[in-house]
Amino acid sequence: MAAVPDQLVDDVALVGPAARIKDRLGAWKAAHGQGHVGTMIVGVRTPAAARLLAEELL
């Protein structure tokens, strides 16, 4: 894990508290709008996390 830079994780994953995920999700939405993101793979551990993504993406 020490070999993986934090910036790489930020570039490819939405992790952290709900407020941080909402904030970072804005960048993903913008990238999708520009044709840079076509598919998002979602894996969540809690119903609350699934609900957060569903509410923010709809």
Side-chain angles (χ1 to χ4, degrees):
M1 285 190 327
V4 180
D6 290 344
Q7 185 61 49
L8 175 62
V9 175
D10 266 348
D11 288 346
V12 301
L14 296 169
V15 295
R20 186 170 193 285
I21 290 173
K22 286 181 184 182
D23 181 56
R24 294 287 303 138
L25 189 55
W28 287 62
K29 289 179 181 179
H32 176 69
Q34 297 172 3
H36 297 293
V37 176
T39 301
M40 179 182 279
I41 300 170
V42 176
V44 297
R45 294 185 183 189
T46 66
R51 193 168 21 268
L52 170 73
L53 285 175
E55 289 169 356
E56 293 297 316
L57 292 172
L58 292 178

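Sequence positions, counted from 1, serve as the residue numbers for this chain.
- In this structure Arg20 satisfies the side-chain hydrogen bond (donor to acceptor under 3.5 Å, both in side chains) test together with Asp10, sequence neighbours excluded.
- Chaining together hydrophobic side chains whose heavy atoms lie under 4.5 Å apart places Val4 alongside Leu8, Val9, Val12, Val15.
- Taking the side chain to side chain contact (heavy atoms under 4.5 Å, CB included) definition, one finds that Ala49 meets it with Val44, Thr46, sequence neighbours left out.
- Here the CZ-CG distance, from Arg24 to Asp11, works out to 7.0 Å after rounding to the nearest 0.5 Å.
- In this structure, Ala30 has no side chain to side chain contact (heavy atoms under 4.5 Å, CB included) partners at least two apart in sequence or on a different chain.
- Not counting sequence neighbours, Asp6 has no partner by the side-chain hydrogen bond (donor to acceptor under 3.5 Å, both in side chains) test.
- Among residues at least two apart or in separate chains, there is no side chain to side chain donor-acceptor pair (under 3.5 Å) pair with a member in residues 49-58.
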